[in-house]
Each structure stands twice: as structure tokens, then as C-alpha cells.
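Some notes on the structure that comes next.
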2 protein chains.
Amino acid sequence: MSQRNTDVSHQATCTVLQVLERISGKWSIGVLLPAMDGPVRFTELERSIAGISRRMLTLTLRNLERDGLLTRTVYPTVPPKVEYTATEMARELYDALQSLTSWAERNLDAIATARETYDAATA
Amino acid sequence: MSQRNTDVSHQATCTVLQVLERISGKWSIGVLLPAMDGPVRFTELERSIAGISRRMLTLTLRNLERDGLLTRTVYPTVPPKVEYTATEMARELYDALQSLTSWAERNLDAIATARETYDAATA
DNA sequence: CTGGATCCCCAGGGATACTG
DNA sequence: CAGTATCCCTGGGGATCCAG
């Protein structure tokens, strides 16, 4: 065996970090979510995601597509029509995120309290 | 009811984002992990986390402590001795992260392939 | 040993304008 | 409609030095 579980932990850390790098970025999740329920068009996304700019929407879409989390379908009509759909892999990712969501819901108050306590003690 | 499940999705998005903000940052997970197995000292962390600077270690520790994920214990000896331990909340977070880790392990190859394909097509 | 204080740099992201 | 191109600015994080 290796010394303690450090090696295993290191592996796990790296793996998690890779996921986080993938879905971090201010808009990734917000973009991915609407695409879960089926094809979504560019402008639909732009309207449904409050505060996103055209630029960031495009960049985020490109990255997600590159990682195989989104498929892009172009209909060569005029005016152009493009649809984005989440892949199976993305749906599995979303399921995996649920556990994080539930953790957050359970601990949101505790975190807020911890912060107040810390800030009060620090100030 | 609201239009479709947009409201629910929005809520979920926000919640997840709060967690991600908390554990994003280049070092958070790497710092949290060694503290899972019991008290760890500052220098131990510094040595076990490859590439971290003193500054970032300190900042990361402070943030984690502020959010109630880490407890800091100071022994007023000379030279000083400080121990960090993950809280129960942090351990639950770690469990929640496991699903992400397993997702990553399952899909790492698929992502790599998707990227190559995309880059080849783009180039 | 365990930090704090400073300076600096770069990538992520906002605003705006243009286009097939 | 669905993007591209450009400019700019902020803050996360690295390097270095100082201190109780």
C-alpha cells in the first residue's frame, strides 16, 4: 500500500478538479440546464438566462459543445436556425450535480450562520 | 403553475452555483481533502499540496473556515502550532462530490475524444 | 511555525459595434 | 437569427519579503 490514502485522495482531487474546470465558469450550468428538456435555440437561451451577454453565451456554448456536453444543429435556412441539445453525458452530469444541490439546500443556513459568526469574531 | 419548469431550474441553478463558488478556487478541494482524516497542521498541508503558495494556502484556509467547512485550533505554544480539521458539513460535501468524481471517471475518455473530434473539425 | 503585507500579471468576463 | 470582433477592466492567484 501507499502511505495512507494520500495517493487515492490526490487522484480523486484531480478528477474532481477536471469536472469543476469543465462546469465552472459563470454560465456553464445556466446554459446547460435549459438544454436538458430538449432542443433550445440561441435566442431562447439568451432570453431565459438573465444577465448573459451574446459573447459569453456563444463562448459557453462552444466550450460545452467541445466537451461533448451539447450538440449543435444548424438548419441552413434564412434566417438561420440553430438548436442546442444536452447529450446523455450532460444529463448524467446533471444527475451527479443533484447531490451537490441537496447538500447546499441542507447546509445553506449553517453556512450563513458560520459566516456571520466568523465575520463578527474577525471584526 | 409557472411556465414549464423554468422556475425550478432557476432555483436549482442558483443553489448549485453557490456550492460551486464555495469550492471553486484552485485549491479549495485540495486543501479540504487532507483535513478529512483528522487534524492537519499548516506545514503538513503546505508540503502535501504540490504547487501551492503560502499565501494561497492561508487564503483558502480562511475561506473554508469562514464557511464552516474547517475548524482552526491554535495551540499557544512556541513555536506556534495550528491544526485544521474538516467539519461534519465538509465530510458530507465530500460525499456529495463522490458522484461527480465517478461521473468524471466514467466520462473522461468520452470528453477527450469529443475534444479531439471538435478540434479536428474546427481546425 | 504560521502567517500578513505588497506588488504584479493574466485570463475570464462585460460592453459595444458589426455581419452573413 | 446567430453569431464575430474589439476594447477594457476586474480580481484570482503567483512571487517575494516581513513578523510574532
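Just so it is clear: chains get the letters A, B, ... in the order the sequence lines come, proteins before strands, and each one is counted from 1. The basis for the numbers below is simple: all heavy atoms, side chains too, and nothing from hydrogens, waters or symmetry mates. Since we're looking at a predicted model, the values are computed, not measured.
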Between the protein and nucleotides 1-8 of chain D, list the N/O to N/O atom pairs that are separated by less than 3.5 angstrom.
{"from": "D:dC1", "atom 1": "O3'", "to": "A:R41", "atom 2": "NH2", "distance (Å)": "3.0"}
{"from": "D:dC1", "atom 1": "O3'", "to": "A:P80", "atom 2": "O", "distance (Å)": "3.3"}
{"from": "D:dA2", "atom 1": "OP1", "to": "A:R41", "atom 2": "NE", "distance (Å)": "3.0"}
{"from": "D:dA2", "atom 1": "OP1", "to": "A:R41", "atom 2": "NH2", "distance (Å)": "3.1"}
{"from": "D:dA2", "atom 1": "OP1", "to": "A:V82", "atom 2": "N", "distance (Å)": "3.2"}
{"from": "D:dA2", "atom 1": "OP2", "to": "A:T43", "atom 2": "N", "distance (Å)": "3.0"}
{"from": "D:dA2", "atom 1": "OP2", "to": "A:T43", "atom 2": "OG1", "distance (Å)": "2.5"}
{"from": "D:dG3", "atom 1": "OP1", "to": "A:R62", "atom 2": "NH2", "distance (Å)": "2.9"}
{"from": "D:dG3", "atom 1": "OP1", "to": "A:R72", "atom 2": "NH1", "distance (Å)": "2.2"}
{"from": "D:dG3", "atom 1": "OP2", "to": "A:Y84", "atom 2": "OH", "distance (Å)": "2.6"}
{"from": "D:dG3", "atom 1": "N7", "to": "A:R54", "atom 2": "NE", "distance (Å)": "3.3"}

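- Here B:S99 pairs with A:S99 under the side-chain hydrogen bond (donor to acceptor under 3.5 Å, both in side chains) rule; sequence neighbours left out.
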Could you go through residues 105-114 of chain B and list every donor-acceptor pair under 3.5 Å that involves a side-chain atom there, pairing it with any protein atom two or more places apart or in another chain?
{"from": "B:R106", "atom 1": "NH1", "to": "B:S102", "atom 2": "OG", "distance (Å)": "3.3"}
{"from": "B:N107", "atom 1": "OD1", "to": "B:W103", "atom 2": "NE1", "distance (Å)": "3.4"}
{"from": "B:T113", "atom 1": "OG1", "to": "B:D109", "atom 2": "O", "distance (Å)": "2.9"}

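- Counting 5' to 3', DNA chain C first comes under 4.0 angstrom of a heavy atom of chain A and last does so at the ends given by C:dG13 to C:dG20.
- Looking only at distances, a side-chain donor or acceptor of B:R91 sits under 3.5 Å from a matching main-chain atom of B:A86.
- A donor-acceptor pair shorter than 3.5 Å cannot be found between the side chains of A:E65 and A:Y84.
- In plain terms, the two heavy atoms of A:I49 and A:G30 that are nearest each other are CD1-O, 3.6 Å.
- One end of the helix from C:dC1-D:dG20 to C:dG20-D:dC1 points its axis 50° away from the other end's axis, with each axis taken from 5 pairs and the angle rounded to 10°.
- Closest of all the heavy-atom pairs between A:T101 and B:V16 is OG1-CG2, 2.9 Å.
- Heavy atoms only, all atoms of each residue included: A:R41 and A:P80 are closest at NH2-O, 3.7 Å.
- The main-chain N or O of A:G68 is found under 3.5 Å from a side-chain atom of A:T87 such that the two form a donor-acceptor pair.
- For the pair B:I52 CD1 and D:dA15 P, the interatomic distance rounds to 12 Å; values are reported in whole Å.
- Between A:Y118 and B:D67 there is no side-chain heavy-atom pair separated by less than 4.5 Å.
- Partners of A:E46 by side-chain hydrogen bond (donor to acceptor under 3.5 Å, both in side chains), not counting sequence neighbours, listed by chain and number: A:R54.
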